[in-house]
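Taking it in order: structure first as structure tokens, then the write-up.
For clarity, every value in this text was computed on a predicted model and none was experimentally measured.
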Amino acid sequence: MENQKAIVYTQENGNAAVCYPTGEISIEEVLAKDCPEGAIIVDDSVLPNEYNEFFDAWELDGDTIVINFDKAKEDKLNRFNIQALQEAQKRQLNELAGITNTLDNQAWTDSLNEIRNQINSATTLDELKGIVI
């Protein structure tokens with residue numbers, strides 16, 4: 001499959017935005033008409049697609065997309081905490097309904113802390129990506 005061209009620019013929040021024009025007008029026209037100053041056209045093969053999980057940590061550094069590792073860790077931890085909260089709510093409903101949870105509260109808390117520790121101690125994107133939440 002042939003690579004596509006994309007427009008990349010930095011949003012106000014510091015994250016990278018990736019835009020694939022529809023083809024109704026040329027990519028150069030889209031760049032000039034609809035994109036902020038500093039936006040660039042890149043071949044999408046240069047995008048770190050193997051790390052889409054960390055898209056919110058992508059940043060534009062000159063003409064290169066880099067992944068801010070600290071942002072990636074923070075995002076992974078935030079997603080994990082949301083899942084943990086949802087699970088805690090289910091566990092509480094189970095208890096109210098007289099349904100036994102698979103893990104007792106201490107074992108469940110220990111498993112949460114273990115995953116948080118794995119996220120916090122990760123030193124590479126591949127390591128962070130490999131942590132199942």
Side-chain angles (χ1 to χ4, degrees):
M1 186 163 104
E2 187 177 321
N3 291 327
Q4 293 182 288
K5 297 289 185 186
I7 298 172
V8 181
Y9 59 91
T10 301
Q11 302 175 87
E12 288 182 16
N13 65 5
N15 294 350
V18 179
C19 170
Y20 288 95
T22 63
E24 294 175 27
I25 60 176
S26 74
I27 194 167
E28 292 79 11
E29 290 173 297
V30 173
L31 179 70
K33 178 178 167 286
D34 297 324
C35 297
E37 188 174 324
I40 60 171
I41 297 172
V42 299
D43 189 291
D44 71 354
S45 67
V46 303
L47 301 177
N49 289 319
E50 69 274 17
Y51 297 109
N52 277 339
E53 174 183 355
F54 306 117
F55 180 77
D56 288 338
W58 289 16
E59 295 178 348
L60 184 60
D61 182 15
D63 61 354
T64 305
I65 295 285
V66 296
I67 300 173
N68 180 314
F69 186 71
D70 291 333
K71 276 186 176 179
K73 281 176 79 165
E74 181 181 346
D75 182 60
K76 182 90 170 195
L77 187 59
N78 286 340
R79 285 184 284 123
F80 174 72
N81 286 334
I82 290 168
Q83 281 187 293
L85 176 60
Q86 291 169 341
E87 179 65 23
Q89 292 168 334
K90 288 178 190 175
R91 292 175 60 81
Q92 185 176 30
L93 289 173
N94 283 349
E95 288 176 12
L96 291 171
I99 301 169
T100 304
N101 289 306
T102 306
L103 294 175
D104 66 41
N105 286 338
Q106 186 60 53
W108 182 71
T109 300
D110 290 347
S111 70
L112 294 179
N113 289 333
E114 173 59 28
I115 294 172
R116 285 188 182 106
N117 287 337
Q118 288 176 16
I119 293 169
N120 287 324
S121 64
T123 58
T124 67
L125 285 170
D126 286 333
E127 187 179 349
L128 193 58
K129 184 178 176 182
I131 299 169
V132 178
I133 58 172

Donor-acceptor side-chain pairing of Asp43 and Ser45 below 3.5 angstrom = yes
inquiry  = Donor-acceptor check, side chain of Arg91 to backbone of Leu103, threshold 3.5 angstrom: yes or no?
reply    = yes
ask   = Is the backbone of Ile41 close enough, under 3.5 Å, to the side chain of Lys5 for a donor and an acceptor to pair up by distance?
value = no
Side-chain donor/acceptor of Asp44 to backbone N/O of Ala6, under 3.5 Å = no
query = Is a side-chain N or O of Asp75 found less than 3.5 angstrom from the main chain of Lys71, in a donor-acceptor match?
reply = no
ask   = Got Glu95 and Asn105 here, is their nearest side-chain heavy-atom distance under 4.5 Å?
value = yes
query = Are Ile133 and Trp108 in one and the same hydrophobic cluster, where Ile, Leu, Val, Met, Phe, Trp and Tyr link if side-chain heavy atoms are under 4.5 Å apart?
reply = yes
task = Drop me the distance from Tyr9's OH to Leu60's CG, to the nearest 0.5 angstrom.
result = 11.5 Å
task = Answer with yes or no whether the hydrophobic clustering places Ile40 together with Val18; edges join I, L, V, M, F, W, Y residues whose side-chain heavy atoms lie under 4.5 Å apart.
result = yes
remark   = Heavy-atom closest pair (Ala57 atom, Ala72 atom, distance to 0.1 Å) is CB-N, 3.5 Å
ask   = Atom CG of Leu128 and atom CZ of Phe54: how far apart are they, to the nearest 0.5 Å?
value = 4.0 Å
request  = Please assess Asp63 against Val42 for the test side chain to side chain contact (heavy atoms under 4.5 Å, CB included), listing each intermediate value before the final yes or no.
outcome  = CA-CA 8 Å; Asp63 61 354; Val42 299; 5.6 Å; no
inquiry  = Are more than 12 heavy atoms, taken from residues, nucleotides or ligands other than Gln92, located less than 6.0 Å from that residue's CD atom?
reply    = no
query = To the nearest 0.5 Å, what is the distance between CD (Glu74) and CG (Asn120)?
reply = 11.0 Å
task = Please assess Leu112 against Glu87 for the test side chain to side chain contact (heavy atoms under 4.5 Å, CB included), listing each intermediate value before the final yes or no.
result = CA-CA 11 Å; Leu112 294 179; Glu87 179 65 23; over 6 Å; no
query = Hey, quick one: are Ile27 and Val8 part of the same hydrophobic cluster, counting side-chain heavy atoms closer than 4.5 Å, chains of contacts allowed?
reply = no
message = Any side-chain to backbone donor/acceptor pair from Lys76 onto Ile119? Under 3.5 Å, distance only.
response = no
request  = May I ask you to decide if Asp70's main-chain N or O and Asn68's side chain share a donor-acceptor pair within less than 3.5 Å?
outcome  = yes
key: Closest heavy-atom pair and its distance - Glu127, Thr124   = N-OG1, 3.0 Å
request  = Identify the heavy atoms of Asn13 and Asn15 that sit nearest to each other, and give their distance.
outcome  = OD1-N, 2.8 Å
message = For Ala16, is there any backbone N or O sitting under 3.5 Å from a side-chain donor or acceptor partner on Gln11?
response = yes
request  = Could you give me the CA-CA distance, side-chain angles and deciding distance for Leu77 and Asn81, then say whether side chain to side chain contact (heavy atoms under 4.5 Å, CB included) is met?
outcome  = CA-CA 6 Å; Leu77 187 59; Asn81 286 334; 3.8 Å; yes
request  = State whether the number of non-hydrogen atoms from other residues, nucleotides or ligands found under 6.0 Å of Glu50 atom CD is greater than 12.
outcome  = yes
query = When rounded to the nearest 0.5 angstrom, what is the spacing between CD in Glu24 and CD in Glu29?
reply = 11.5 Å
Trp58 side, atom CH2; Asn49 side, atom CG - distance, nearest 0.5 Å = 4.5 Å
key: Verdict with reasoning, Ile65 to Val46, per side chain to side chain contact (heavy atoms under 4.5 Å, CB included)   = CA-CA 8 Å; Ile65 295 285; Val46 303; 5.8 Å; no
message = What's the separation between atom CD1 in Ile67 and atom CG in Asp61, rounded to the nearest 0.5 Å?
response = 12.5 Å
Phe80 vs Ile115 side-chain heavy atoms within contact, under 4.5 Å = yes
key: Side-chain donor-acceptor contact under 3.5 Å, Gln118 with Glu114   = yes
